[in-house]
Amino acid sequence: QVQLVESGGGLVQAGGSLRLSCAVSGLTFSSYGMGWFRQAPGKEREFVAAITWSGDMTKYVDSVKGRFTISRDNAKNSVYLQMNRLQPEDTAVYYCAATSTTMPPANVYYWGQGTQVTVSS
């Protein structure tokens with residue numbers, strides 16, 4: 001059974017930081033690209049960041065470039081999203097995803113359950 005379990009969300013003031021983690025089990029982690037997506041209330045789910053299976057390439061949506069950093073640890077079957085200089089418009093449910101190995105990812109194969117990030121002004 002494939003499981004992607006996010007953690008690290010919460011409430012933070014604008015300008016603050018959070019680090020999201022996603023622990024993955026039930027699949028060969030190093031065979032998948034990994035990504036983070038988010039969905040704000042009343043909006044569609046959007047791509048945030050992705051990383052290749054080896055970690056040698058990353059991609060970000062323009063709105064988070066320079067503020068967010070995606071990384072992975074294949075020995076721990078985990079992917080991370082370091083979020084700095086958070087803004088109220090970053091408020092959303094953040095989802096971890098196991099993706100195709102292309103960059104940007106063409107397909108999402110598995111989703112986590114999501115973790116809430118709320119940024120107050």
Side-chain angles (χ1 to χ4, degrees):
Q1 180 181 1
V2 176
Q3 287 190 311
L4 286 72
V5 180
E6 301 98 333
S7 60
L11 174 63
V12 64
Q13 288 188 333
S17 298
L18 284 174
R19 186 184 191 227
L20 304 184
S21 299
C22 176
V24 180
S25 60
L27 54 75
T28 305
F29 184 69
S30 59
S31 295
Y32 289 83
M34 294 299 299
W36 288 95
F37 295 73
R38 66 186 179 185
Q39 187 166 19
K43 295 187 177 181
E44 293 187 353
R45 191 172 299 189
E46 67 167 350
F47 168 80
V48 175
I51 188 166
T52 53
W53 68 272
S54 63
D56 64 337
M57 290 181 61
T58 58
K59 186 171 179 64
Y60 300 91
V61 66
D62 286 347
S63 60
V64 308
K65 284 181 181 176
R67 300 189 298 123
F68 290 13
T69 303
I70 187 171
S71 62
R72 67 188 293 162
D73 186 338
N74 286 350
K76 295 183 178 180
N77 283 11
S78 294
V79 62
Y80 310 98
L81 187 67
Q82 178 66 44
M83 305 186 294
N84 298 329
R85 304 201 310 275
L86 283 160
Q87 303 166 5
E89 50 267 38
D90 295 316
T91 294
V93 177
Y94 283 71
Y95 297 91
C96 171
T99 71
S100 56
T101 55
T102 57
M103 184 61 64
N107 300 100
V108 174
Y109 298 120
Y110 302 99
W111 292 100
Q113 83 288 350
T115 186
Q116 177 70 47
V117 171
T118 303
V119 185
S120 62
S121 57

ask   = Hey, what do you get for CD (Gln116) to CG (Leu11), rounding to the nearest 0.5 Å?
value = 9.5 Å
Shortest non-hydrogen separation from Thr101 to Ser31 and the atoms involved = CG2-O, 3.4 Å
ask   = Does a sphere of radius 6.0 Å around CH2 in Trp111 hold more than 12 heavy atoms from other residues, nucleotides or ligands, not counting ones at 6.0 Å or beyond?
value = yes
query = Taking a hydrophobic cluster as the set of Ile, Leu, Val, Met, Phe, Trp and Tyr residues connected by side-chain heavy atoms closer than 4.5 Å, whether directly or through intermediates, do Trp36 and Val2 fall within one such cluster?
reply = yes
query = What's the shortest heavy-atom distance between Thr91 and Val119, and which atoms?
reply = OG1-N, 2.9 Å
ask   = Just by modelled atom types, is the Gln82 backbone N or O under 3.5 Å from a matching donor or acceptor in the Thr69 side chain?
value = no
ask   = How long is the span from the CD atom in Gln1 to the CG atom in Leu27, to the nearest 0.5 Å?
value = 11.5 Å
inquiry  = Do Tyr80 and Val117 land in one hydrophobic cluster if side-chain heavy atoms of ILVMFWY residues count as linked below 4.5 Å?
reply    = no
key: Arg38 CZ to Arg45 CZ distance, which is reported to the nearest 0.5 Å   = 13.0 Å
query = Are Tyr109 and Ile70 grouped together when hydrophobic residues (ILVMFWY) are joined by side-chain heavy atoms under 4.5 angstrom apart?
reply = yes
request  = Verify, without hydrogens or angle tests, whether Ser30 (side chain) and Asn74 (backbone) share a donor-acceptor contact under 3.5 angstrom.
outcome  = no
query = In Å and rounded to the nearest 0.5 Å, what is the CE to CZ distance from Met83 to Arg19?
reply = 11.5 Å
note = In short, Ala49 meets Leu81 closest at the heavy-atom pair CB-CD1, 4.2 Å
query = Parallel, tilted or perpendicular for Phe68 and Tyr94, by the 30°/60° rule?
reply = tilted
ask   = With no hydrogens and no angle check, is any side-chain donor or acceptor of Ser121 less than 3.5 Å from a backbone partner on Pro88?
value = no
ask   = Rounded to the nearest 0.5 Å, what separation is found between the CD atom of Glu6 and the SG atom of Cys22?
value = 5.0 Å
query = Is a side-chain donor or acceptor of Arg67 paired with a backbone partner of Arg85 at a separation under 3.5 angstrom?
reply = yes
inquiry  = Ignoring hydrogens, what is the shortest heavy-atom contact between Pro105 and Ala50? Give both atom names and the distance.
reply    = CD-CB, 3.6 Å
query = Do Phe29 and Met103 sit in the same hydrophobic cluster, where Ile, Leu, Val, Met, Phe, Trp and Tyr count as joined when their side-chain heavy atoms come under 4.5 Å apart?
reply = no
message = Assigning hydrophobic clusters by single linkage (Ile, Leu, Val, Met, Phe, Trp, Tyr; side-chain heavy-atom cutoff under 4.5 Å), is Tyr110 placed with Trp53?
response = no
request  = Determine the minimum heavy-atom distance between Ala97 and Val108, stating which atoms define it.
outcome  = CB-CG1, 3.7 Å
Smallest separation among heavy atoms of Met34 and Cys96, with atom names = CE-SG, 3.6 Å
task = Supply the atom-to-atom distance Thr118 OG1 to Asp90 CG, rounded to the nearest 0.5 angstrom.
result = 11.0 Å
